[in-house]
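Order of the sequence lines sets the chain letters (A, B, ...), proteins ahead of strands, with each chain counted from 1.
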Amino acid sequence: MSESWLDSLNGPQREAVTHGAGPLLVVAGAGTGKTRTLACRVAWLIESGVPPDRILLLTFTRRAAAEMIHRADQLTGRRTTTHVWGGTFHAVAHRLLRFHGQALGLPPGFSVIDAADAADLLNLTRNDLGLAKKDRRFPRKETLQAIYSRTVNSTDKLTDILTRHWPWCEEYADPLRDLFDAFTRRKRERNVLDYDDLLLLWRELHALSGAGDEVAERFDHVLVDEYQDTNALQAEILLGLRRENHNIMVVGDDAQSIYSFRAATVRNILDFPKQFPGTHIVTLEQNYRSTEPILAASNAVMAPARERFTKNLWSQRPSEQKPVLYTCMDEAEQCRLVCERILAHLEMGTLLRKQAVLFRAGHHSDQLEVELTRCKIPFHKYGGLKFVEAAHVKDLLALLRILENPYDELSWFRVLLLIEGIGPKSARRIMEALGVHRAPGQSSPAGAVADGSARSPWRCLAEESLKVPPAAREMFGQLRTTLLQCVGMPTAPAEEDDDLTRPTTRGTSVAAQIEKLRQFYEPIVQARYDNWVIRLRDIEQLEQIAARYRSRNRFIADLTLDPPASTADLAGPPLIDEDYLILSTIHSAKGCEWDVVHIIHAADGMIPSDMATENEAGVDEERRLFYVAMTRARDMLYIYFPLRYYHRRVYLSDAHSYAQLTRFLPSEIHSLLELRTCPAASIPRRPTPHIDLDELDRRLKHRWRE
DNA sequence: CATTTATAAATTTTT
DNA sequence: TTTATAAATG
């Protein structure tokens, strides 16, 4: 049985799949069957007798892990594959830390915060330190978080990082040190871990002799996907994980490294053979995805880049059709043309879901989305602003977090500020009164779990009379009742009428709790936002996702570690006959493929993004990004270039500037493309029907002279 | 004094 | 669309 699927692999693929013990590096060019190889490897290991739960598969997204495990399932014809440990570094770290946290002195019941929360916490810390007052141009909170994160993930010194990536912040090196000190202390005190902590603690776990060895011995084989997009900290984790046992397989393509902003470094994949002596290297060069002309153009784009692992990508899919480069007059025409092309391919039998529109930044598709809606083309968008990043979703999540951990100062702060009449000062005072800062420390780990411990915030909230500004009193009362009901604490008799709607029991479901919280939150959204209808719909969706969960803690953790990537993920399992177009940032398109790919905004300044062109390394990465976009296409690739961009800072202004075609498509390689110019753009000076001013004035005159 | 309102400015990519 | 700062309000 196993031979049948092994036979369908090519030589190098089979070599990788059936590799025995020891380190293995698979350099897999775009479209060379990387996912397939990994899935087969998992299947092969299992058929060779490796217990599934002793295999660790680290991927870039949870979707990728699920996909590979599903494929392995189909190959082996078993269901055991589901026991494979699969997921992102962060998700696996989370799981391991729940098991082994105590060995690190990590109190149980820690919560995980995302990058935006970390930024908020840095902001709070900055204000407490009075750093905001001293200097006008102290970095924004997002910048602070980015600097901190890079310091942790790159394992470089702060000063080097500032010089290299934030030279304008170098003068703040000292206050930054103080801030980061206070920030880490605060996280520890509050028992929260950010994304960086998850990796950091995982690495530390392996420095411990007991628990570290235990974790390492858990896995017979470690497999890592997209290795070119891992960072120094992740490489150290792997070293710790494979100190004795060197069964490790990493797969990647240095030409597709596009996450250096997250401190990913190609050095990982380049240095892998040095870190694991005796590494066997397999190179996959046959591209099964794209046609020859698409591959030829993609290779030409990458030719000027300095690559270390030379690959010679080749395809056996001849085609007469070169990639098409469309020059459009402006963005409006680009949108029209994209819709027209999409519908044309749909007519010819390519489903919408087999087509994708790719772009550099999330907002690049804004105008297109309007046009798609007008043309009644359904679509799902990946990347860009995430569902969980929207203010209203964060608000509701903060309410939920308080229920989970009443010592979560960040969530309390956010929630209290929602109430009209409460500002930063009152919020701090109320939190002080509730004892939010008196978190049960390491001394009494059990205290975090017990709701009714004598001085818990819940007790304070239920029993003590808090000083609340008069204007805020009513709404604060509602908040108080809502929260207490959700945790099943008795509320004071005064508010008992609320109980008529639903008898409160201790074990209300997550969805039921969200519904209760929503009732409190609804009037706030309505007062705050004009588009509250849409926002409330989001919250209903949140409720639907929650319905699939039994544990509130699990729900929150999943939502922060693996946020829904598109609106599609929110709707639950997709209907079979539902067809929709894919819109995606290039970053989110990694690892995907489509029959027809449309790349929009192929203009210098868009790609390469003009924020990345300051140094050569930045431009290099943008080039790889463009390469990734091109190599997503199987049969047909369209690249669109709008000539003219309007500056829409001023409403209805006609101010515009002319763009240049992306530098990654120089005229030397135009022979590899089919150049098409839109009718409108082909005539630079269209004989515009000019207004006859004399005639107009004559007509106008009638207004005052009958 | 704390909070709200007004005003100006900035806005890549993601676990 | 959100976020930091300045002025106005209670």
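- Residue A:R150 is classed as having no contact, given no heavy-atom separation below 4.0 Å to the nucleic acid.
- Regarding contacts with the backbone of B:dT13, every side-chain N or O of A:S609 stays at 4.0 angstrom or more from both OP1 and OP2.
- Considering A:T125, A:D120, A:N123 in turn, A:D120 is the only one that fulfils the side-chain hydrogen bond (donor to acceptor under 3.5 Å, both in side chains) rule with A:K141.
- At least one test fails for A:R150 against the ring of A:F261: distance under 6.0 Å to the centre or angle within 45° of the axis.
- In this structure, A:D562 atom CG and B:dT15 atom P are separated by 8 Å, rounded to whole Å.
- If you check every strand for non-hydrogen atoms under 4.0 Å, A:P469 touches nothing.
- Set against B:dT15, C:dT3, B:dT13, the side chain of A:A361 has B:dT13 as its closest nucleotide.
- For A:N531, whose side chain is taken as the heavy atoms from C-beta onward, the closest listed nucleotide among C:dT1, C:dT2, B:dT12 is C:dT1.
- Which of B:dT15, B:dT13, C:dT3 sits closest to the side chain of A:F261 comes down to B:dT13.
- Counting heavy atoms from C-beta on, the side chains of A:E593 and A:T35 never come closer than 4.5 Å.
- Rounded to an integer number of Å, the gap from A:H364 NE2 to B:dT11 P is 14 Å.
- Stacking between A:Y259 and B:dT13 is absent: the aromatic ring centre is not both under 5.5 angstrom from the base six-membered ring centre and within 30 degrees in plane angle.
- Summarising the geometry, the separation between NZ on A:K141 and C1' on C:dT3 is reported as 7 Å, rounded to the nearest angstrom.
- Remark: B:dT12 base-pairs with no nucleotide in the shown strands. Criterion, Watson-Crick or G-U wobble with two distances under 3.5 Å.
- Residue A:R140 contributes atom CZ, which lies 10 Å from atom P of C:dT5 at whole-angstrom precision.
- We find that CG of A:L144 is positioned 14 Å from P of C:dT3, with the value rounded to whole Å.
- A donor-acceptor pair shorter than 3.5 Å cannot be found between the side chains of A:E622 and A:S609.
- One can place NZ of A:K381 at 14 Å from C1' of B:dT14, the figure rounded to the nearest angstrom.
- At a threshold of 4.0 angstrom between heavy atoms, the contacts of A:A115 include nucleobase atoms, whether or not backbone atoms are also involved.
- Along DNA chain B, the nucleotide nearest to A:L561 and the one nearest to A:K425 differ in position, and the one closer to the 5' end is contacted by A:K425.
- Nearest-nucleotide positions on DNA chain B for A:I422 and A:E621 put A:I422 closer to the 5' end.
- Ionic pairing of A:D128 and A:R428 is present here: one or more N-O contacts between side-chain nitrogen and carboxylate oxygen are shorter than 4.0 angstrom.
- Taking 4.0 angstrom as the limit, A:T585 places a side-chain polar atom (N or O) nearer than this to OP1 or OP2 of B:dT14.
- Looking at the side chain of A:R535, the nearest of the listed nucleotides C:dT3, C:dT2, B:dT14 is C:dT2.
- Rounded to a whole Å, the CG atom of A:D194 is 14 Å from the C1' atom of B:dT14.
- Side-chain atoms of A:R535 do not come within 3.5 Å of backbone N or O of A:V525 as any donor-acceptor pair.
- When rounded to the nearest whole Å, the span between CG of A:L625 and P of B:dT12 equals 15 Å.
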